[in-house]
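Working notes, structure below.
Values in this document were obtained by computation on a predicted structure and should not be read as measured data.
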Amino acid sequence: MSISEKTIDVNSLKWFYREVTPQQTSDVSPVLLLHGLPSHSYTWRQLLLILDDYNLKAIAPDWLGSGSSDKPSQREFAYTPEAYLKAFSDLLQTLELEKISLVVQGYLGSVGLQYALRFPNTIDRLVILNTPLSNTVKLPWMMQQWGLPLAGEMLTQDPILVDRTLEKGSGFIISDNDLAMYRQPYLKSSAVGRALVSTIRNLKLAESMSEIEKGLVTWEKPTLVIWGMADPWLSSTDVNKLKENKNLELVTLEEAKHYPQEHWNKEISPLIVNFLGRR
């Protein structure tokens, strides 16, 4: 059992992804795992291995501009939610995935929610981990700085921004080996920093949150929300509103913060595997 690392060309842009493929045929839809900022698909390493143990096919791509995927200039790719939505849809078509279960986390993971709301027929099940959901959401100051004129360009060229953000958001020390994996893209090229600046400046958070908040009220697909209640950047008040929709199942982790998959994998993996396997 191992995680495969692959690339695929989609409309002249290269996507990198990590994948586990079951040795036996499964009737469970392939699982797509979407990361937030300033992360990449490595954040799903622990969950991917668990999904593999349970014979589930799972794919965790690096968003364009992140990790080992291409980092086009803003002339080639707009880095807006609409651009990401189109690129993600094209990725699924190229991978020939007509129906998926979707797992999302974090800022930019919210694009996955927009995709689900617009194309519900392609979604089997949905899992949400600490992802922006409400009009009340603001981008954390730590991330806002990445979009500032001049300062943003300087800050995003410092690989240590990954350490600071992931450890601030998770509330725990991340091992040197894992931090080295997260820093890798920033050490290889300045393009990932420029892509991060473009993403922050074009996030259009208010518009995206309006769509997500309204859409989840009437969302009908089975959905599991796992929420770190100590998240320094996202309010637990917003997620508690979801209880009004009976199709959404909420599980709270009182001590977990913004990146539950990093330090609470033992708690979240059984919940996700059980949920995905229900029929």
Side-chain angles (χ1 to χ4, degrees), residues 1-36 39-70 72 77 81-106 108-129 131 211-212 215-216 219-224 247 261 269 272-279:
M1 296 177 292
S2 62
I3 299 172
S4 300
E5 297 183 356
K6 300 181 178 180
T7 60
I8 189 169
D9 291 325
V10 183
N11 296 335
S12 77
L13 292 174
K14 181 189 75 176
W15 285 75
F16 172 92
Y17 61 97
R18 291 176 163 87
E19 179 182 45
V20 292
T21 305
Q23 296 181 357
Q24 302 174 5
T25 303
S26 172
D27 60 353
V28 177
S29 299
V31 185
L32 264 289
L33 303 104
L34 299 180
H35 67 84
S39 188
H40 53 78
S41 60
Y42 185 72
T43 194
W44 300 114
R45 62 199 178 280
Q46 299 178 80
L47 182 55
L48 282 169
L49 291 173
I50 298 295
L51 295 174
D52 191 31
D53 285 342
Y54 283 88
N55 202 43
L56 299 177
K57 179 181 177 66
I59 297 171
D62 290 350
W63 282 114
L64 292 175
S66 299
S68 296
S69 288
D70 274 349
F77 184 74
E82 290 297 330
Y84 277 115
L85 277 163
K86 176 65 166 59
F88 181 61
S89 179
D90 291 344
L91 172 66
L92 294 181
Q93 290 181 29
T94 304
L95 290 170
E96 298 182 346
L97 298 175
E98 296 181 359
K99 195 154 197 172
I100 61 170
S101 285
L102 191 58
V103 181
V104 302
Q105 187 276 322
L108 200 57
S110 55
V111 171
L113 294 180
Q114 291 177 276
Y115 175 84
L117 292 168
R118 294 188 192 188
F119 306 101
N121 291 336
T122 68
I123 303 298
D124 185 6
R125 290 174 177 266
L126 178 63
V127 179
I128 303 171
L129 307 175
T131 300
E211 178 180 3
I212 289 170
L216 287 178
W219 177 248
E220 296 181 348
K221 294 298 180 80
T223 299
L224 173 64
N247 295 305
Q261 70 274 24
S269 291
I272 293 173
V273 168
N274 176 270
F275 175 73
L276 294 174
R278 288 182 204 165
R279 289 296 178 265

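One N or O on the side chain of Arg125 and one on the backbone of Arg278 form a donor-acceptor pair closer than 3.5 Å. Without hydrogens or angle criteria, Lys6 side chain to Glu19 main chain gives no donor-acceptor distance under 3.5 Å. Of the possible polar contacts, none joining the Asp62 side chain to the His40 backbone as a donor-acceptor pair under 3.5 Å is found. Checking side-chain atoms of His35 against main-chain N and O of Trp63 turns up a donor-acceptor pair under 3.5 Å. The backbone N or O of Pro22 lies less than 3.5 Å from no partner atom in the side chain of Asn55, so there is not a single donor-acceptor pair. Here the side chain of Thr94 pairs a donor or acceptor atom with the backbone of Asp90 at under 3.5 angstrom. Counting only distance, with no hydrogens or angles, the side chain of Ser269 and the backbone of Leu47 share no donor-acceptor pair below 3.5 Å.
Side-chain contact check for Ser110 versus Val104: every heavy-atom pair is 4.5 Å or farther apart. Inter-residue side-chain proximity for Ser29 and Leu276 is flagged as unmet; no heavy-atom pair is nearer than 4.5 Å. Annotation: side chain of Tyr115 is in contact with side chain of Leu92 (closest heavy-atom distance under 4.5 Å). Between Val28 and Tyr54 there is no side-chain heavy-atom pair separated by less than 4.5 Å. Residues Ile100 and Ile123 are in side-chain contact: their nearest non-hydrogen atoms beyond the backbone lie under 4.5 Å apart. You'll find the side chain of Asn247 stays beyond 4.5 Å of the side chain of Lys221, heavy atoms only.
Residues in residues 96-105 take part in no salt bridge (charged side-chain N to carboxylate O under 4.0 Å, His left out) pair, two or more places apart or across chains.
Under the side-chain contact (heavy atoms from CB on, under 4.5 Å) criterion, Thr223 pairs with Leu126, Ile128, Trp219, Val225, Leu248, not counting sequence neighbours.
Looking at every heavy atom in both residues, Ala60 comes nearest to Ser41 through O-CB, 3.1 Å. Between Leu33 and Ala58, the shortest heavy-atom contact is CD1-CB, 3.9 Å.
Here the straight-line distance linking atom NZ of Lys86 with atom CG of Leu91 works out to 11.5 Å at 0.5 Å rounding. Going from atom CG of Leu216 over to atom CG of Leu117 covers 5.5 Å, rounded to the nearest 0.5 Å.
The aromatic rings of Tyr84 and Phe77 sit perpendicular, their planes meeting at an angle over 60°, well past the 30° parallel limit.
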